[in-house]
Every structure is written in structure tokens, then in C-alpha cells.
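Everything below concerns the one structure shown next.
The model shown is predicted, which means the values in this text are computed figures rather than measured ones.
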Amino acid sequence: MVLDLPIGHPDFGRAQPCRCRQAEIALRRQVELTKVSNLDQLRHMTFETFRADGVGLNEEQRQNLRRAFDKARMFAARPEGWLLLTGTYGCGKTHLAVAIAHEVLRRGQSALFVVTPDLLDHLRAAFGPSSETSFDERFETVRQTPLLILDDFGAQSATPWAKEKLFQLLNHRYTARLPTVITTNLRLNEIEARLRSRLADPDLSTVAPITAPDFRSSGDSSGQELSTLALHKDQTFESFDLRREELPVDAAKSLAEARAHAEAFTANPQGWLVLTGPYGSGKTHLAAAIANRRLQEQHERTMFVVVPDLLDYLRAAFSPNSAAPLDIRFEEVRRAPLLVLDDLGTESATPWAREKLFQLLNYRYAARLPTVITSSTPVEEQDPRLASRMLDTSRCTVVSILAPSYRGSKTQRAQKRRGR
């Protein structure tokens, strides 16, 4: 039968089942929703198991994550309008979306949680000869579900058919104001304009951007894909050799002072610590010792990266096969709770490289984020824009090591003989 509805209503002119069949259709739809949701395998993702304060986050990131957590709980308690969760891979979006589904289902209400590419596969399967339901019926089931949770929106293949179906689905739910949760790794300006206008409508949608980095790398000694701290796990304060018996007094004194400054920074990481000196003088060892102790004692995520490797990592974002765009990669480094930049000054000094390093360090300078820099180039010979910030004694401590290279020294040869 066709209901008497005004023109413009989303169901105008659409045939509706009679009341005698509504219960049967509702049961069949519920069975289909359960199969597609696959929530049994995600039963561990609840609000109780979500780390709302993150792991190793700075204060800004902690507050941001807590706000997203609170918005998700409020939505779960009263599903109205739309909730859009954005952020990088592994930042907690899916966990919060699944937690909403579990909370709603626990109250006996209906919810469909589905990964966007899986949803499109589910709809395409209706065209198969063995399908027990038609495409229209499957699409209607999703379109009319009381609460729809679309995970990983933007990960689907962008075929014209996929884009059109997603638009029809979301446009219907937008017009009917049906509760919807969407998670995406995309930023709003990367989403198709006709959908973006609906997702960002303040009268219907709440946008919760999550700035926390990947949870899955929290507690890993390498910190992130880019960090090479794991390669320096043996470089600790305990293994650092002051070389007192070998060095002249001034050189030995500078080495001891550098270690003291590094240990003080580790105990209270604020501002910047810049270690300069010849190649092999111990700068990298002390920088790694800071990161290793913070990881061991405070479980703090530290990004330890050689500057040329960092620039290669950012350039790789321009590849068509890159998993993340440049801005997301750059943001991951820029907001690291503790950043160690090793070998500043050895990078290729192209205008692009200089600009990216300035943007990175200028942000961390303004935000007062803990940063350790090692360089064989004296501060005064660095890019003037960087040098002016490193020479700000209110935020930065510069320590010059006068010791020559440890590699091939008498101390190293003696230790090698003792190890035989």
C-alpha cells in the first residue's frame, strides 16, 4: 500500500508493507543487521575498556580525546542527530563507534554497525543469483535502520556507483534526521562537497575531531612507524661512557655537563634541549638515553627520528600508494609528546626541506612541546629562523660537547679488548 504523504516526504510514493507483514519483515531485517554488524568479534570495545586519557599524550591531546569520549557517551545515552568522529588511523574512532552500538543494543534498541566497504559489498551481493533478498530490500533495511554506524567512511573504492549509493543513503537519513554515527580518516575538506555540507550541518551534526596518534603504537618502543628508537635501546645513561681517563679536562667536563643536562631534562622534560658537537661525540647516545628512560619509567611515547629520514617520510606522502596524506603525517610528528630530532643540519637544504623543518619546529616552539635536537652544526650556523628559537634561553638549553669522536678512541678499543 502507498501512504498518503505530502510531496517532498522521503517516503512519498513509496509502497509500504501492510501491518500484518511488518513483524515478519522486522524480524528478517534484524537477522540481516546482526550478520552485517559483526559486533560479536568487537565485544571488547566498550566505553569501560576505552582509555579516555590515552597513553603518553600531551595535555592538549588528552583533553581532546576526553571530549570525543564524552560526546560519544552522550550520543549513546540519547541517539539524536549525527555524530562524526574524525582522526588518523588507530586513534580510537572505531572503538567509540562500537561502544555506542553496544550501549544502544544493551538497552534493547536497534543499531547497525558496519564498515563502509563491507556495506557496499553487502549491497552488491544482492545482485547475485543466490541472494535471498533484493537489492532494494537490502538498501531499505540499511536506509531505515533506527541507528546507523558507518565505520571507515572514505576507505571504500570511489566508483560512481559507490558514491551514488552512499549519497542516497546519507541524504535520506539527513532528510529524515535519522540518528547516524560516521567515522573517517578523512578531513572534512577531503569529503565530496554534497556530503560534506550534510556532515558539517551544525543543526544536525556534531563533529568530534580526534588529534591523538595511533593507539596501537602506544607502548611500542619504536613509538611510530617513523621512529627508530628501537635501534638505540642499548644507549642508556648507564651505558654512557664519560671517558675521564682519556679526554683533556675541558672535553671531559663538557661531556659530564651534557649528561647532567640530559638527565635533568629527562626528569622534567620542558622546553628544548639542543646538543651540539663533533660526529661520534655522544650526542645521539644521550638523546636516545632520554627517550629510553622516559619510555621505561613514564611509558611516554617518544618519536626518535634522524632528520633526513623524517624528510623522506614526509616526501613519501606524495606517492599515490601512500597510506596517509602529507598533512596527517606532518601532524603526527608536529604533535608528538616528546620529539627527538637527530642530526639536524645533515639534511638536503632544499627550500621545501627548510620550510617543513621551520613549520615543524616553529609549532613546537610556540606550543612549548618538549624537543631534543642533536646537531654537528653550531647553532649560529643553522637556518637563522631556527637559530633564533634555539638561542632563546627562556625555552631552550644549548649544550656543546667538546669531546672528539668516541669511535676508534682508546676507550672504545680497550672496551673491545675486554669484551673478547
query: With no hydrogens and no angle check, do the side chains of T236 and H285 hold a donor and an acceptor under 3.5 Å apart?
result: no
- prompt: For Y174, is the NZ or CZ atom of R198 found under 6.0 angstrom from the centre of its six-membered ring and inside 45 degrees of the ring axis?
  reply: yes
Stepwise side-chain contact (heavy atoms from CB on, under 4.5 Å) test for K283 and I401: CA-CA 8 Å; K283 307 181 302 297; I401 299 176; 4.0 Å; yes
task: Please answer whether the main-chain N or O of R335 pairs with a side-chain N or O of Q61 as donor and acceptor at a distance below 3.5 Å.
output: yes
- request: For E332 and Y313, work out which heavy atoms get closest and say how close.
  value: OE1-OH, 2.8 Å
- prompt: Could E48 and R106 be called an ion pair, given the rule that one side-chain N must be under 4.0 Å from one carboxylate O?
  reply: no
task: Would you indicate whether the side-chain heavy atoms of V333 and L339 approach each other to under 4.5 Å?
output: yes
message: Nearest 0.5 angstrom please: L402 CG to E257 CD, how far?
response: 9.0 Å
field: Minimum heavy-atom distance between V104 and A76, given as atom pair plus value
entry: CG2-O, 4.0 Å
field: Verdict with reasoning, E192 to R196, per salt bridge (charged side-chain N to carboxylate O under 4.0 Å, His left out)
entry: CA-CA 6 Å; E192 185 183 4; R196 182 171 66 241; over 6 Å; no
- request: Check for a donor-acceptor pair, side chain of N64 on one end and backbone N or O of P209 on the other, with a separation under 3.5 Å.
  value: yes
message: Does this structure show an ion pair linking D392 with R389, if we count only N-O contacts that are shorter than 4.0 Å?
response: no
Pairing residues for H102 by the ring pair (Phe, Tyr, Trp, His ring centres under 6.0 Å) criterion, not counting sequence neighbours: none
task: Could you tell me whether R43 atom CZ has more than 12 heavy atoms of other residues or ligands within 6.0 Å of it?
output: no
Within 6.0 angstrom of R194 CZ, more than 12 heavy atoms from elsewhere: yes
query: Backbone N or O of L310 within a donor-acceptor pair of the R315 side chain at under 3.5 Å?
result: no
message: Closer than 3.5 angstrom, by distance alone: can the side chain of S205 be matched with the main-chain N or O of P202 as a donor-acceptor pair?
response: no
- prompt: Are V181 and W82 close enough that some pair of their side-chain heavy atoms sits under 4.5 Å apart?
  reply: no
task: With rounding to the nearest 0.5 Å, note down the distance linking CG in L84 to CD1 in I182.
output: 6.0 Å
message: Quick check for you: to the nearest 0.5 Å, what is the distance between F318 atom CZ and L326 atom CG?
response: 4.5 Å
query: In terms of the angle between their ring planes, are F135 and F127 parallel, tilted or perpendicular, with boundaries placed at 30° and 60°?
result: parallel
task: Tell me whether the guanidinium CZ or amine NZ of R395 lies under 6.0 angstrom from the six-membered ring centre of Y365 and within 45° of its axis.
output: yes
- prompt: Looking only at side chains, do T276 and S400 share a donor and an acceptor under 3.5 Å apart?
  reply: yes
query: Distance only, no hydrogens: is a donor on one side chain within 3.5 Å (strictly under) of an acceptor on the other, for Q235 and T284?
result: no
- prompt: Can any side-chain N or O of R334 pair as donor or acceptor with the backbone N or O of Y363 at less than 3.5 Å?
  reply: no
- prompt: Are E263 and R293 close enough for a salt bridge, meaning some N to O gap below 4.0 Å?
  reply: yes
query: Going through the distances and angles, do L96 and T94 end up as a side-chain contact (heavy atoms from CB on, under 4.5 Å)?
result: CA-CA 5 Å; L96 289 175; T94 295; over 6 Å; no
Straight-line distance of D151 CG to T184 OG1, nearest 0.5 Å: 9.5 Å
query: Does the side chain of N292 come within less than 4.5 Å of D234's, by heavy atoms?
result: no
- request: Take D342 and T374 through the test side chain to side chain donor-acceptor pair (under 3.5 Å) and record every step on the way to the result.
  value: CA-CA 5 Å; D342 192 33; T374 79; 2.4 Å; yes
query: Got a donor-acceptor contact below 3.5 angstrom from the R364 side chain to the Q359 backbone?
result: no
message: Salt bridge or not between E347 and K356? Use side-chain N to carboxylate O under 4.0 Å.
response: no
- prompt: Is there a donor-acceptor contact under 3.5 Å from the side chain of R368 to the main chain of Q270?
  reply: no
task: Check each of L386, L341, T371, V307 against L360 using the side-chain contact (heavy atoms from CB on, under 4.5 Å) test, and report the only one that passes.
output: L341
field: Separation between CG of L105 and OG of S110, rounded to the nearest 0.5 Å
entry: 7.5 Å
- request: Tell me whether the guanidinium CZ or amine NZ of R243 lies under 6.0 angstrom from the six-membered ring centre of Y406 and within 45° of its axis.
  value: no
task: Among E60, E59, R66, find the residue that satisfies the side chain to side chain donor-acceptor pair (under 3.5 Å) test when tested with Q63.
output: E59
query: Do the side-chain N and O atoms of H95 and T49 include a donor-acceptor pair separated by under 3.5 angstrom?
result: yes
query: Measuring from T302:OG1 to L295:CG, what's the distance to the nearest 0.5 Å?
result: 6.5 Å
- request: Only one of R354, M390, E355 passes side-chain contact (heavy atoms from CB on, under 4.5 Å) with D383; say which it is.
  value: R354
field: Expected output: side-chain K71 to main-chain T206 donor-acceptor under 3.5 Å
entry: no
message: Tell me whether T145 contacts the main-chain N or O of V142 through its side chain, where contact means a donor paired with an acceptor under 3.5 Å.
response: no
task: Considering only NZ, NE, NH1 and NH2 on the basic side and carboxylate oxygens on the acidic side, decide whether R73 and D70 come within less than 4.0 Å.
output: no
field: Within-4.5 Å side-chain heavy-atom neighbours: F50 and V98
entry: no
message: Determine whether a donor-acceptor pair (N or O, by modelled atom type, separation under 3.5 Å) exists between the side chain of R259 and the backbone of F237.
response: yes
